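Everything below concerns the one structure shown next.
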Protein chains: 2
Amino acid sequence: MLTEKELKEYCDNARKNYLAHFSIDCVVFGFHEGLMKVLLLEVKDEGECYLPGGFLLKKEPIEMAANRILKERTGLDEIFLQQFHVFGDPDRSKQHFDMYKDMIAPEENWFTNRFLTLGYYALVDFCETNPAPDQFAAKCFWSDLNDLPELKLDHALILKTALDALRLQLNYQPIGYNLMPKEFTMPELQKLYETILDKKLDRRNFQRRMLGFGILTRSEQPRKGGAHKAPYLYSFDLKNYEAALKEGFKGGW
Amino acid sequence: MLTEKELKEYCDNARKNYLAHFSIDCVVFGFHEGLMKVLLLEVKDEGECYLPGGFLLKKEPIEMAANRILKERTGLDEIFLQQFHVFGDPDRSKQHFDMYKDMIAPEENWFTNRFLTLGYYALVDFCETNPAPDQFAAKCFWSDLNDLPELKLDHALILKTALDALRLQLNYQPIGYNLMPKEFTMPELQKLYETILDKKLDRRNFQRRMLGFGILTRSEQPRKGGAHKAPYLYSFDLKNYEAALKEGFKGGW
DNA sequence: TTACAATTGTGTCCATATTACACTTTGATT
DNA sequence: AATCAAAGTGTAATATGGACACAATTGTAA
């Protein structure tokens with residue numbers, strides 16, 4: 001919780017620099033070794049959690065803002081974010097921030113304004129990140145998707161909508177670059193799909209299909225050292241991968 | 001072009017009632033008998049065209065605003081609109097509205113504010129509509145998609161993005177209810193798909209696939225009176241149609 | 001050293017979906 | 001009655017998706 005002085009400063013500053021009534025929230029899904037997580041912040045002194053979000057500078061392009069906000073809140077940089085939905089219920093933020101109501105007049109309190117929020121989602125390898133909370137958060141952490149804490153505002157809805165969008169994306173776009181290490185095994189890649197979709201896939205059929213997309217290159221040397229048969233290593237054929245991103249996997253019609 | 005008094009009144013009114021920096025633009029695709037069109041407005045005295053758009057009332061839900069705006073601008077009511085993208089280039093509206101720059105101070109001119117715009121799209125039967133321009137437009141009309149006039153602002157980009165979203169939608173959702181008459185023939189429905197996708201489809205394969213979705217009911221009586229063989233009439237099985245809307249046609253995985 | 005367990009690689013069958021393609025039927029027009 | 005234009009229908013070849021089993025490799029434990 002902020003002091004009165006801090007709050008007023010923040011609000012003055014916000015009014016000066018940010019575009020009113022508009023915010024951005026980021027749903028960053030993290031994957032590593034079969035675990036799917038989502039990046040959350042925890043409010044200082046309260047224990048409640050929320051998605052990393054923030055406001056748009058008055059002259060800032062929105063894509064840039066989404067990246068800046070994510071970096072400021074969580075330290076994560078250079079993440080490919082994709083917008084997926086605007087959440088615009090007029091009351092979506094009303095029930096919160098009541099705690100400051102005696103400290104500042106409502107019309108001066110930036111946080112009690114109405115905000116439309118634009119949701120962005122991303123998928124990253126959470127082991128290559130160093131989440132760092134900003135000054136307003138007690139911590140920034142990867143939360144298990146199946147064991148989420150209570151989320152502020154409508155952030156649970158935003159998260160669910162993002163997950164639906166991500167799953168839909170699997171059907172017509174490749175996924176996994178920036179997520180898998182440079183070289184990875186087919187079972188490792190399969191784990192990614194299984195984790196996102198939250199269901200088991202057939203090993204053999206997965207491999208056939210994935211190879212059919214033509215976005216993978218198999219390296220000569222299999223991985224050594226593990227217990228059990230040495231798996232082949234694959235890497236993404238970036239040229240074909242990018243092409244598939246644009247074209248989509250199948251037209252359907 | 002507005003007079004100075006009209007402009008100032010509009011701006012005062014807008015500041016009082018609308019949420020700043022945010023607008024909504026609607027891309028309404030119209031279909032009828034094999035023709036695909038899009039609903040446009042033409043600026044009075046200028047000839048330039050634009051998509052029907054407007055602003056969000058301070059306490060209005062965005063879905064409601066999209067419908068209200070479409071109705072106010074074009075007279076079209078009860079249209080199912082779907083949001084698809086936010087356009088947020090900080091300069092997207094800068095180059096326009098310069099014509100008023102001597103009439104009003106820039107900081108008082110609502111239109112020179114920065115606006116993020118949320119795009120909605122819809123698909124309707126244009127013969128069941130009665131487009132009516134509002135007071136600011138010279139006319140409201142259905143323009144051929146293949147013969148578009150010059151569009152203001154970034155509306156050409158918005159339109160193209162909407163068309164891509166519509167085509168993507170064809171792959172995983174049924175389409176056509178509210179668009180076809182209650183009863184229609186298979187070739188008529190096929191024409192809809194061909195028009196949206198802008199390519200020919202095979203008659204027999206289209207029919208097989210469409211029937212496979214299980215969203216059509218064939219009526220007992222074929223249509224009479226045309227020259228040539230009487231075609232069967234179909235109607236949408238609304239229950240299955242709605243289910244398919246939610247479920248999607250195929251998961252892919 | 002040998003047997004075992006765990007993991008990966010690979011191929012085949014079958015059902016279904018997709019594509020390409022041609023003939024028949026119907027109803028109005030002449 | 002012949003013709004034309006549009007609509008109905010079927011089939012064969014191919015591709016795809018899903019289910020499934022066995023062989024190969026590697027470390028570990030007996």
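Since the model is a prediction, treat every value here as computed from it, not as a measurement. Letters go in sequence order (proteins before strands), and every chain restarts at 1.
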Legend entry - Per P187(B) side chain, nearest of listed nucleotides dG27(C), dT26(D), dG8(D): dG8(D)

Inset, instruction - Check whether the ring centres of F236(A) and F184(A) lie less than 6.0 Å apart, and answer yes or no. - result: yes

Measure from [atom1] on [X] to [atom2] on [N] and round the result to the nearest Å.
X       : N       : atom1 : atom2 : result
M210(B) : dG8(D)  : CE    : P     : 14 Å
L189(B) : dG8(D)  : CG    : P     : 12 Å
Y232(B) : dG8(D)  : OH    : P     : 8 Å
N171(B) : dT18(C) : CG    : P     : 11 Å
Q207(A) : dT7(C)  : CD    : C1'   : 13 Å
H228(A) : dA3(C)  : NE2   : C1'   : 16 Å

Inset, instruction - Quick one: closest heavy-atom pair of R73(A) and P52(A), and the distance? - result: CB-CB, 3.9 Å

Inset, instruction - State, to 0.1 Å, how close Y50(A) and E42(A) come at their nearest heavy-atom pair, and which atoms those are. - result: CE2-C, 4.1 Å

Inset, instruction - Assign each of M186(A) and K229(B) to its nearest nucleotide of DNA chain C by heavy atoms, then name whichever residue's nucleotide is nearer the 5' end. - result: M186(A)

Inset, instruction - Respond yes when some side-chain nitrogen or oxygen of R208(B) is under 4.0 Å from OP1 or OP2 of dT16(C), and no when none is. - result: no

Legend entry - Residue-phosphate contact under 4.0 Å: R209(A) side-chain N/O, dA15(D) OP1/OP2: no

Legend entry - D237(B) and K239(B) ion-paired at < 4.0 Å: no

Inset, instruction - With sequence neighbours excluded, tell me which residues meet side chain to side chain contact (heavy atoms under 4.5 Å, CB included) with P61(B). - result: P90(A), M64(B)

Inset, instruction - May I ask you to list the residues of residues 190-206 of chain A, by number, that have any heavy atom positioned under 4.0 Å from an atom of DNA chain D? - result: D202(A), R203(A), R204(A), N205(A)

Inset, instruction - Please list, chain by chain and in numerical order, all residues satisfying ring-ring contact (aromatic ring centres under 6.0 Å, His included) with Y121(B), sequence neighbours excluded. - result: F84(B)

